[in-house]
Peer 1: 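Take this structure, written in structure tokens, and hold onto it; I'll ask about it next.
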Amino acid sequence: MRTKLTILAAAAAIALTAAPIQAMTVDEIIAKNVEARGGKDKLAAVKSATAHGRMTVGPGMESAFRMRWKKPSKVRIEFTLQGMTGIQAFDGSTGWQVMPFLGKNDAEKMNEEDLKNIEENADFDGPLVDYKSKGHQVELLGKEAMEGTEAYKLKLTKKDGDVSTIFLDAEAFLEIKIQGKRKIQGMEMEFETVIGDYKDVGGLLLPHSIENKAQGMPGAQVITFEKYEVNVEVPDSDFAMPAPAPAAAAEPAKP
């Protein structure tokens, strides 16, 4: 009996003196996320990239798309629908687009709403990587169970004031969902982005499926990436806003 009491007392003493398990800090969680995606060195080694795939653009409508990135903050997105190709691009300072579906064949500057979206797409690494140098703030809100998966909740406050919540799988440390608010056609709506189907691309884990939903809007936009290529030749001219096409010369008046 005395031996049993001695063992229990020793165990109690160890429990009292053992250092408590420390919860991970937000920076440690983000470091795990970067490591899970391939590591900081591999991400930094990516100077340019392209992606091809398909995305839904309406009920029963699908479009092929192509994306091109060039660091630090250039992006070009082309999508083909009904035999016409639209373009949205950002050259690091100016956002512009060509929308032939709307009868606009010349490039024009984006409005503030579209500019925010294209700037977000231009950040190939994502807002968590080097978030402090980008002027963002990140706060750990705790954990939340999502369909049986534990996830870390990170509150991201971007430099421009936009706020969103990023969910990281607590085991894999990869992004699985983003929630927030953004303006869609002039109206502020809550949105949800579900991210998945991560695959290895040259040592990086990149998502091959993204689903965007807006509160109050029917259906969802599903984006499927079929192929990525990294460090391919992408000239700066791809991102420059083209000049308007010259006006057709007027025919001389008939006598």
Peer 1: Show, in sequence, the C-alpha distance, side-chain angles and deciding distance for Leu43 and Val129, and conclude whether the side chain to side chain contact (heavy atoms under 4.5 Å, CB included) test is met.
Peer 2: CA-CA 9 Å; Leu43 278 170; Val129 178; 4.2 Å; yes
Peer 1: Could you tell me which non-hydrogen atom of Glu150 sits nearest to which non-hydrogen atom of Ala145, and how far apart they are?
Peer 2: OE2-CB, 3.7 Å
Peer 1: Say you draw a straight line from OG1 of Thr193 to CD of Gln221; how long is it, rounded to the nearest 0.5 Å?
Peer 2: 9.0 Å
Peer 1: Which value, rounded to the nearest 0.5 Å, describes the distance between Ile178 atom CD1 and Phe191 atom CZ?
Peer 2: 6.5 Å
Peer 1: Check step by step if side chain to side chain contact (heavy atoms under 4.5 Å, CB included) holds for Val234 and Trp69.
Peer 2: CA-CA 8 Å; Val234 183; Trp69 294 270; over 6 Å; no
Peer 1: Main chain of Val46, side chain of Lys71: is a donor-acceptor contact present, judged purely on distance under 3.5 Å?
Peer 2: yes
Peer 1: Minimum heavy-atom separation for Asn33 and Leu168, please, with both atom names.
Peer 2: ND2-CD2, 3.9 Å
Peer 1: State, with a plain yes or no, whether a side-chain heavy atom of Arg76 is found less than 4.5 Å away from one of Met67.
Peer 2: no
Peer 1: How many angstroms lie between CG in Leu156 and CD in Glu139, if you round to the nearest 0.5 Å?
Peer 2: 11.0 Å
Peer 1: Apply side chain to side chain contact (heavy atoms under 4.5 Å, CB included) to residues Leu204 and Arg37 and explain how you reach the verdict.
Peer 2: CA-CA 6 Å; Leu204 295 174; Arg37 293 170 58 194; 5.7 Å; no
Peer 1: Is the backbone of Ala170 close enough, under 3.5 Å, to the side chain of Lys32 for a donor and an acceptor to pair up by distance?
Peer 2: no
Peer 1: Tell me, yes or no, whether the heavy-atom count around Lys134 atom NZ, taken from other residues, nucleotides or ligands under 6.0 Å, exceeds 12.
Peer 2: yes
Peer 1: Under 4.5 Å between side-chain heavy atoms, counting indirect links through other Ile/Leu/Val/Met/Phe/Trp/Tyr residues: same cluster for Met110 and Met241 or not?
Peer 2: no
Peer 1: To check you understand the geometry: which heavy-atom pair defines the closest contact between Ile166 and Pro127, and what is its length?
Peer 2: CD1-CG, 4.4 Å
Peer 1: Please say yes or no: joined through hydrophobic side-chain contacts below 4.5 Å, possibly via intermediate residues, are Leu128 and Leu141 part of one cluster?
Peer 2: no
Peer 1: Where do Pro100 and Gly86 come nearest, in terms of heavy atoms and distance?
Peer 2: CD-CA, 4.0 Å
Peer 1: Would you find a donor on one side and an acceptor on the other, under 3.5 Å apart, between the side chain of Thr85 and the backbone of Thr80?
Peer 2: no
Peer 1: To the closest 0.5 Å, what do you measure between OG (Ser73) and CG (Asp125)?
Peer 2: 11.5 Å
Peer 1: With the threshold set at 4.0 Å, does a side-chain nitrogen-carboxylate oxygen contact exist between Arg54 and Glu226?
Peer 2: no
Peer 1: Enumerate the residue pairs fulfilling salt bridge (Lys or Arg N to Asp or Glu O under 4.0 Å) with a member in residues 199-223, sequence neighbours excluded, ordered by first and then second residue.
Peer 2: Asp197-Lys199, Glu211-Lys213
Peer 1: Quick one: sort the Tyr228 and His208 rings into parallel, tilted or perpendicular, breaks at 30° and 60°.
Peer 2: perpendicular
Peer 1: Between Glu28 and Met24, which heavy-atom pair has the shortest distance, and what is it?
Peer 2: OE1-CA, 3.3 Å
Peer 1: Ignoring hydrogens, what is the shortest heavy-atom contact between Ser48 and Val232? Give both atom names and the distance.
Peer 2: OG-O, 2.6 Å
Peer 1: Keeping Asn121 on the side-chain end and Phe90 on the backbone end, is there a donor-acceptor pair under 3.5 Å?
Peer 2: no
Peer 1: Check whether Tyr198 reaches the backbone of Glu175 with its side chain - one donor and one acceptor, N or O, closer than 3.5 Å.
Peer 2: yes
Peer 1: Checking the side chain of Asp123 only, and the main-chain atoms of Glu119 only, is there a donor and an acceptor separated by less than 3.5 Å?
Peer 2: no
Peer 1: Look at the side chain of His52 and the backbone N and O of Thr50, then say whether any donor-acceptor pair between them is shorter than 3.5 Å.
Peer 2: no
Peer 1: Using a strict 4.0 Å threshold on nitrogen-to-oxygen distance, state whether Arg68 and Asp238 make a salt bridge.
Peer 2: yes
Peer 1: Establish, yes or no, whether the cationic atom of Lys153 lies under 6.0 Å from the six-membered ring centre of Phe167 and within 45° of the ring axis.
Peer 2: no
Peer 1: Could you walk me through whether Gln88 and Met99 pass the side chain to side chain contact (heavy atoms under 4.5 Å, CB included) check?
Peer 2: CA-CA 9 Å; Gln88 291 184 314; Met99 290 293 171; 3.6 Å; yes
Peer 1: Would you call the rings of Phe225 and Phe65 parallel, tilted or perpendicular, where under 30° means parallel and over 60° means perpendicular?
Peer 2: perpendicular
Peer 1: Looking at Val222, is its backbone amide N or carbonyl O close enough to the side chain of Thr56 to form a donor-acceptor pair, meaning the two atoms are under 3.5 Å apart?
Peer 2: yes
